[in-house]
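First the structure, in the form of structure tokens, and then the observations on it.
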2 protein chains.
Amino acid sequence: MNSDFTLAIHSLTFLALQPDRMSTSDMISESACVHPVRIRKVLSLLKRHGFIESKEGIGGGFHFAVDVSEVNLWDIYKLTSEGSLQPKCPESNEQCIVGANMQSVLFNIFLGAEEHLGLYLKNYTLKEVVDLINQEK
Amino acid sequence: MNSDFTLAIHSLTFLALQPDRMSTSDMISESACVHPVRIRKVLSLLKRHGFIESKEGIGGGFHFAVDVSEVNLWDIYKLTSEGSLQPKCPESNEQCIVGANMQSVLFNIFLGAEEHLGLYLKNYTLKEVVDLINQEK
DNA sequence: TAAAATGTAATAATTAATTTTACAGTTTAA
DNA sequence: TTAAACTGTAAAATTAATTATTACATTTTA
């Protein structure tokens with residue numbers, strides 16, 4: 001899985017812990033140790049889907065738009081990483097029954113696998129993640 | 001997930017369809033369209049774990065060592081890809097409570113996620129994969 | 001004893017992920 | 001009303017990960 005998922009969760013958790021002020025992409029990027037442009041790219045996605053709001057200009061930044069218990073890890077997985085569970089299938093030989101069909105067989109199995117993963121990830125809301133972060137001391 | 005998983009399943013399926021003769025890494029690599037050295041590397045892992053047997057020299061190659069219904073996708077996932085569900089966590093800022101703890105919080109959640117995935121993948125044996133390959137016509 | 005296979009390490013090439021640069025647009029405060 | 005501090009986004013450069021290639025040792029058979 002790529003690290004956009006982690007950066008999205010990291011950013012949302014950061015915002016959740018600063019409920020009363022705007023957080024800038026610079027602040028978040030300092031916490032996550034990645035480039036602010038990447039944070040803005042990930043947050044732009046979260047904004048398009050209504051999880052956060054942003055404001056440009058001095059004093060601007062990002063804040064949570066919904067309640068932390070209304071966002072779960074499956075929501076964020078779908079946004080940032082849907083399909084990434086699929087194992088890489090190199091193009092294979094269409095002349096061979098195995099080569100010709102392996103990709104679609106595995107694709108269907110892992111479609112189900114991702115759905116199954118969804119049932120698990122739905123159990124974790126951002127609230128739970130924030131609580132776990134606070135517990136780790 | 002990396003493509004070793006796919007290559008392992010591809011190879012095992014190939015072997016399952018040739019139960020009475022040895023298959024060489026060249027034959028399998030031709031079906032999977034990857035380099036024979038990669039196939040040998042993946043098969044070497046499967047051999048160490050007892051799923052297949054190999055023989056060097058003229059007339060040598062690989063064949064299945066167990067029954068196709070005794071190997072499931074979770075067995076192969078564990079061998080080739082365990083841990084790959086973990087989202088990438090870049091090193092983050094230890095001075096920030098989020099940066100300091102995000103990695104371990106997500107790690108534990110995805111440890112559970114992989115276990116959960118295991119329950120699903122255990123439902124598919126190589127026999128089922130072979131049947132699905134044969135159906136796709 | 002030559003040919004055809006596995007076994008494996010080391011290097012080269014390719015592809016994917018990430019960072020960096022650049023710059024346009026927005027908002028605020030002096 | 002304009003400079004500063006932000007977001008927004010595209011494009012290029014860099015780095016990391018994956019894959020292919022080369023090389024060669026070992027085994028087995030005819």
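Chain identifiers are assigned alphabetically (A, B, ...) following the order of the sequence lines, protein sequences preceding nucleic acid strands; residue numbering begins at 1 within each chain.
- For the salt bridge (charged side-chain N to carboxylate O under 4.0 Å, His left out) test, residues two or more places apart in sequence or in another chain that qualify with A:Lys127 are A:Asp131.
- With B:Trp74 as reference, B:Leu121 is the one residue of B:Leu79, B:Thr125, B:Leu121 to meet the side-chain contact (heavy atoms from CB on, under 4.5 Å) rule.
- Applying the 4.5 Å side-chain rule to ILVMFWY residues, one finds that A:Val37 remains a lone member of its cluster.
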(request) Give the B/S/- string for nucleotides 3-8 of chain C, one per nucleotide from 5' to 3', where a protein heavy atom under 4.0 Å of the base yields B, of only the sugar-phosphate yields S, and otherwise -. (result) BBBBBB

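- Atom CD1 in B:Ile39 sits roughly 15 Å away from atom C1' in D:dT21 (whole-Å rounding).
- A:Ser23 is linked by a side-chain hydrogen bond (donor to acceptor under 3.5 Å, both in side chains) to nothing, counting only residues two or more places apart in sequence or in another chain.
- Note on residues 73-93 of chain B: no pairs pass salt bridge (charged side-chain N to carboxylate O under 4.0 Å, His left out), not counting sequence neighbours.
- To the nearest angstrom, C1' of D:dC6 lies 14 Å from NE2 of A:His63.
- The stretch residues 31-41 of chain A participates, sequence neighbours left out, in these salt bridge (charged side-chain N to carboxylate O under 4.0 Å, His left out) pairs: A:Asp4-A:Arg38.
- Clustering of Ile, Leu, Val, Met, Phe, Trp and Tyr by side-chain heavy atoms under 4.5 Å joins A:Leu119 with none of the others.
- Within the structure, the side-chain hydrogen bond (donor to acceptor under 3.5 Å, both in side chains) test picks out the following pairs touching residues 95-110 of chain B (sequence neighbours left out): A:Glu136-B:Ser104.
- Residues satisfying the side chain to side chain contact (heavy atoms under 4.5 Å, CB included) criterion with B:Thr6, sequence neighbours excluded, are A:Pro87, A:Cys89, A:Pro90, A:Leu106.
- Here the two rings, on B:Phe110 and A:Phe5, have centers that are under 6.0 Å apart.
- Spacing between atom CE of A:Met22 and atom C1' of C:dT27 amounts to 11 Å, rounded to whole angstrom units.
- In this structure, A:Met27 atom CE and D:dA5 atom P are separated by 13 Å, rounded to whole Å.
- Between B:His35 atom NE2 and C:dA12 atom P the separation is 15 Å, expressed in whole Å.
- For the contact set between residues 89-100 of chain B and DNA chain D, defined by any heavy atom under 4.0 Å, there are no members.
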Could you run down the sub-3.5 Å N/O contacts of the protein with nucleotides 14-18 of chain D?
{"from": "D:dT18", "atom 1": "O3'", "to": "A:Lys88", "atom 2": "NZ", "distance (Å)": "3.3"}

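- By the salt bridge (charged side-chain N to carboxylate O under 4.0 Å, His left out) test, B:Asp67 is found to be paired with no residue, residues two or more places apart in sequence or in another chain being considered.
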